[in-house]
Amino acid sequence: MSAPAPATRRIGSLDVSPLGFGAMPLSHGRTPEVPREQGIVTVHAALDAGITFLDTADIYAPTWDTMGHNEQLVAEALRSWGGDRSRLVVATKGGIVRGEGETWSRDGSAAYLRSALEKSLTNLEVDAVDLYYWHRPDRTRTYAEGVEALAALQQEGLIREIGISNANVEEIEIAREVLGDGGLAAVQNQFSPTYHHTSHDELLHCGRHGIAFVPWSPLGGTGGGARGLRDRFPLLREIAEARGVSPQQIVLAWELSLDEHVIPIPGAGRPETITDSAAAMTLELSADELAELSDAILR
């Protein structure tokens, strides 16, 4: 049985849960790899906990020759879930190239982005992607060129909303200029208590222009960042212990308090982890707690 739906937030024309689920750890960046059945159960746990926004990408895969692995896993999990799929929103990304022998590059050309999107449509078993991000800038071409390519794909009905990822304020402004007022739905950048030295400016900039800001690695990343939060920020531990919840829930509740346009996407490799994170959607911290956290984290 699914949890009651929390109040939603907006990504362009889309309504989503305040927290999303970052599916990357199910296919990429973990040793040992997450078993496929465990990955599907983890996606189901996120959905059952009231999360309606799933984030994936074509490059999230165990190896270069299995690109699309994460998208296919998400599609399988959605197909086998017994809840209401009509309110679910799935985001994916393109523009990073993984080649033979794990060579990495970027391609923001119209031809490559179209090819990547077409593969994502097949992997996700959909006719249009709800939210499609340009994953990382391609420094061999102007930023406007990549955004124009996404705009053309949107006009064809293959993308519902356009996003950009790992973008600075200047690139956000270029995207806004190309797409027009309201055309840029989301910016997905790294943001957490341990990484905000540039991305806080981008978070604020998005808020001023009605753009959703989607923090990736909101708990510090899959390399142990989440586990180290309580040691780096004693206040997190103190508030968590006083409330009887995890420090991770405190972090996510604090990030949600920053503004209505902020939609963190914590990742997880186990159902218990995402269920715990999802509880932050209904955790209300006091004004004093939030002010103390902001002072400790953003100073």
Determine, stepwise, if the pair Leu285 / Arg243 fulfils side chain to side chain contact (heavy atoms under 4.5 Å, CB included). CA-CA 9 Å; Leu285 301 178; Arg243 287 181 166 269; 3.5 Å; yes
Indicate whether the side chain of [X] and that of [Y] have a donor and an acceptor atom separated by less than 3.5 Å.
X: Ser277; Y: Gln249; answer: no
X: Ser80; Y: His44; answer: yes
X: Asp288; Y: Ser286; answer: no
X: Glu173; Y: His205; answer: yes
X: Asp55; Y: Trp216; answer: no
X: Ser120; Y: Glu71; answer: yes

Which atom pair, heavy atoms only, marks the closest approach of [X] to [Y]?
X: Pro215; Y: Ile263; result: CD-O, 3.4 Å
X: Pro137; Y: Glu171; result: CG-OE2, 3.8 Å
X: Leu113; Y: Ala149; result: CD1-CB, 3.9 Å
X: Ser192; Y: His196; result: O-CD2, 3.4 Å
X: Leu88; Y: Ile51; result: CD2-O, 4.4 Å
X: Tyr132; Y: Gly94; result: OH-CA, 3.3 Å

If we ignore hydrogens and angles and just use 3.5 Å, is the side chain of [X] paired with the main-chain N or O of [Y] as donor and acceptor?
X: Thr66; Y: Thr63; value: yes
X: Asn70; Y: Ala23; value: yes
X: Thr275; Y: Glu272; value: no
X: Asn189; Y: Ala167; value: yes
X: Arg9; Y: Val262; value: yes
X: Ser115; Y: Ala111; value: no
X: Ser217; Y: Gly220; value: no
X: Ser27; Y: Pro62; value: no
X: His261; Y: Gly207; value: yes
X: Arg98; Y: Trp104; value: no

Any side-chain heavy-atom pair from [X] and [Y] closer than 4.5 angstrom?
X: Leu19; Y: Pro266; result: yes
X: Leu121; Y: Val129; result: yes
X: Val16; Y: Thr8; result: no
X: Asp138; Y: Glu145; result: no
X: Asp107; Y: Arg141; result: yes
X: His209; Y: Asp181; result: no
X: Asp130; Y: Ile159; result: no
X: Trp254; Y: Ile297; result: yes

In this structure, are over 12 heavy atoms from other groups packed under 6.0 Å from [X] atom [atom1]?
X: Glu177; atom1: CD; answer: no
X: Glu102; atom1: CD; answer: yes
X: Asp127; atom1: CG; answer: no

Does His28 form a side chain to side chain contact (heavy atoms under 4.5 Å, CB included) with Ile59? I'd like the steps, not just the answer. CA-CA 9 Å; His28 182 75; Ile59 63 163; 5.9 Å; no
Mind checking whether Phe191 and Phe213 have parallel, tilted or perpendicular rings, split at 30° and 60°?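 Perpendicular: the ring planes of Phe191 and Phe213 meet at over 60°.
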Evaluate the criterion side chain to side chain contact (heavy atoms under 4.5 Å, CB included) for residue pair Val74 and Asn123; output intermediate values, then yes/no. CA-CA 9 Å; Val74 167; Asn123 292 332; over 6 Å; no
Membership question, hydrophobic clusters at under 4.5 Å side-chain separation (ILVMFWY): are [Y] and [X] in the same one?
X: Tyr195; Y: Ile172; answer: no
X: Leu256; Y: Leu204; answer: yes
X: Leu298; Y: Leu252; answer: yes
X: Trp64; Y: Tyr112; answer: no

Taking it one step at a time, do Asp15 and Arg87 satisfy salt bridge (charged side-chain N to carboxylate O under 4.0 Å, His left out)? CA-CA 8 Å; Asp15 286 311; Arg87 62 192 182 98; over 6 Å; no
Could you measure the distance from the [atom1] atom of [X] to the [atom2] atom of [Y]? Nearest 0.5 Å is fine.
X: Leu235; Y: Asp295; atom1: CG; atom2: CG; result: 9.0 Å
X: Lys119; Y: Arg114; atom1: NZ; atom2: CZ; result: 13.5 Å
X: Leu26; Y: Arg270; atom1: CG; atom2: CZ; result: 12.5 Å
X: Leu131; Y: Arg160; atom1: CG; atom2: CZ; result: 11.0 Å
X: Leu14; Y: Phe53; atom1: CG; atom2: CZ; result: 8.5 Å
X: Gln190; Y: Thr198; atom1: CD; atom2: OG1; result: 8.5 Å

What do the steps show when you test Tyr143 against Trp134 for ring-ring contact (aromatic ring centres under 6.0 Å, His included), and what is the final call? CA-CA 10 Å; Tyr143 199 78; Trp134 185 10; 4.6 Å; yes
Under the side chain to side chain contact (heavy atoms under 4.5 Å, CB included) rule, what do Leu54 and Leu47 come out as? Steps first, then yes or no, please. CA-CA 9 Å; Leu54 304 179; Leu47 302 176; 4.1 Å; yes
Kindly indicate, with the supporting measurements, whether the criterion salt bridge (charged side-chain N to carboxylate O under 4.0 Å, His left out) is fulfilled by Arg79 and Glu76. CA-CA 5 Å; Arg79 197 186 328 118; Glu76 182 179 350; 5.4 Å; no
